[in-house]
Amino acid sequence: MIRYAYIDGNNNTYEIGEELEYVPISAAQSSSGTYSGGAPKAVVLDAETRAQLIELLDQIAADKDNAIETRPKGCGTVVRGEERMCTRSSSPLKGELEHRLRSLLEPRPPARR
């Protein structure tokens, strides 16, 4: 199976497979020595949601207007298999993907009856 992942501007990784797995960096791993991405999280993805996330990754990878060669702080990195592609921090698609990833990982309140 091909690896799909997204690395945010703080170097936290979101692995996209049967689950969405959030792999944060620790303070010791950060460039400042103080930033922590928090606690690891994971949620099961249904096939449709997984396909939508992969489609967003593909759109970011195809967005040549926001592609950049180097990886400055704040940019996003799309991982597809062995391929890596960096996108500007200002990319609207990057913002959309990050919002979607965070919302999927947020705990949901119990359904009201």
Side-chain angles (χ1 to χ4, degrees):
M1 178 189 273
I2 190 168
R3 177 183 180 215
Y4 291 97
Y6 174 74
I7 304 167
D8 70 18
N10 292 314
N11 223 21
N12 301 301
T13 301
Y14 298 81
E15 294 286 344
I16 300 165
E18 298 294 319
E19 290 185 329
L20 170 59
E21 183 182 1
Y22 172 67
V23 184
I25 66 164
S26 66
Q29 295 169 309
S30 74
S31 60
S32 68
T34 58
Y35 171 79
S36 169
K41 299 177 186 177
V43 294
V44 175
L45 292 175
D46 60 49
E48 181 180 346
T49 302
R50 181 176 183 271
Q52 290 169 351
L53 291 173
I54 290 170
E55 175 62 26
L56 260 174
L57 291 176
D58 290 342
Q59 289 176 10
I60 292 169
D63 181 11
K64 300 305 178 201
D65 290 339
N66 284 293
I68 51 178
E69 293 294 318
T70 60
R71 190 178 185 280
K73 283 187 179 181
C75 80
T77 304
V78 170
V79 179
R80 297 183 309 163
E82 298 298 318
E83 230 178 82
R84 288 177 177 250
M85 179 270 177
C86 297
T87 187
R88 297 181 194 286
S89 60
S90 60
S91 164
L93 290 171
K94 173 188 175 292
E96 182 181 340
L97 176 64
E98 289 181 357
H99 174 76
R100 184 76 193 272
L101 293 169
R102 284 191 301 270
S103 68
L104 287 167
L105 290 165
E106 287 176 3
R108 290 180 173 71
R112 291 190 172 171
R113 295 177 187 236

Taking atom types as modelled, is there a side-chain donor on Ser103 or Glu106 under 3.5 Å from an acceptor on the other? no
Which atom pair, heavy atoms only, marks the closest approach of Ala27 to Ser30? O-OG, 2.9 Å
Counting distance only, does the side-chain N/O of Glu98 pair as donor-acceptor with the main-chain N or O of Gly95 below 3.5 Å? no
Applying side chain to side chain donor-acceptor pair (under 3.5 Å) between Gln52 and each of Glu48, Glu55, Arg50, report the one that passes. Glu48
Taking the basic N atoms (NZ, or NE/NH1/NH2) and the acidic carboxylate oxygens, is any pair closer than 4.0 Å for Asp58 and Arg80? yes
Can you tell if the side chain of Leu53 reaches within under 4.5 Å of the side chain of Leu104, non-hydrogen atoms only? yes
Same apolar cluster (I L V M F W Y, side chains within < 4.5 Å links), Tyr4/Ile7: no
Side-chain donor-acceptor contact under 3.5 Å, Tyr35 with Asn12: yes
Please say yes or no: joined through hydrophobic side-chain contacts below 4.5 Å, possibly via intermediate residues, are Met85 and Ile54 part of one cluster? yes
Nearest 0.5 Å, what's the OG1-CG distance between Thr13 and Asp8? 7.5 Å
Check whether Val23 and Tyr6 end up in the same hydrophobic cluster, where Ile, Leu, Val, Met, Phe, Trp and Tyr are linked by side-chain heavy atoms less than 4.5 Å apart. no
State plainly whether one hydrophobic cluster holds both Val78 and Leu45, where clusters connect Ile, Leu, Val, Met, Phe, Trp and Tyr through side-chain heavy atoms under 4.5 angstrom apart. yes
Please give me the minimum heavy-atom distance between Lys94 and Gly74, naming the atom from each residue. CE-O, 3.2 Å
How about Leu57 and Ile16: do any of their side-chain heavy atoms sit closer than 4.5 Å? yes
4.5 Å side-chain heavy-atom contact, Tyr22 and Arg102: no
Evaluate whether atom CD of Glu18 has more than 12 neighbouring non-hydrogen atoms of other residues, nucleotides or ligands under 6.0 angstrom away. no
Check whether any side-chain heavy atom of Arg100 sits under 4.5 Å from a side-chain heavy atom of Thr49, and report yes or no. yes
Closest heavy-atom pair, Cys75 versus Cys86, reported as atoms and distance to 0.1 Å, is SG-CB, 4.2 Å
In this structure, would Ile60 and Val79 fall into the same cluster of hydrophobic residues linked by side-chain contacts under 4.5 Å? no
Closest approach of Pro24 to Ala39 (non-hydrogen atoms, all atoms of both residues): CG-C, 3.8 Å
Test side chain to side chain contact (heavy atoms under 4.5 Å, CB included), reference Ser91, set Asn66, Ile68, Leu97, output is Asn66
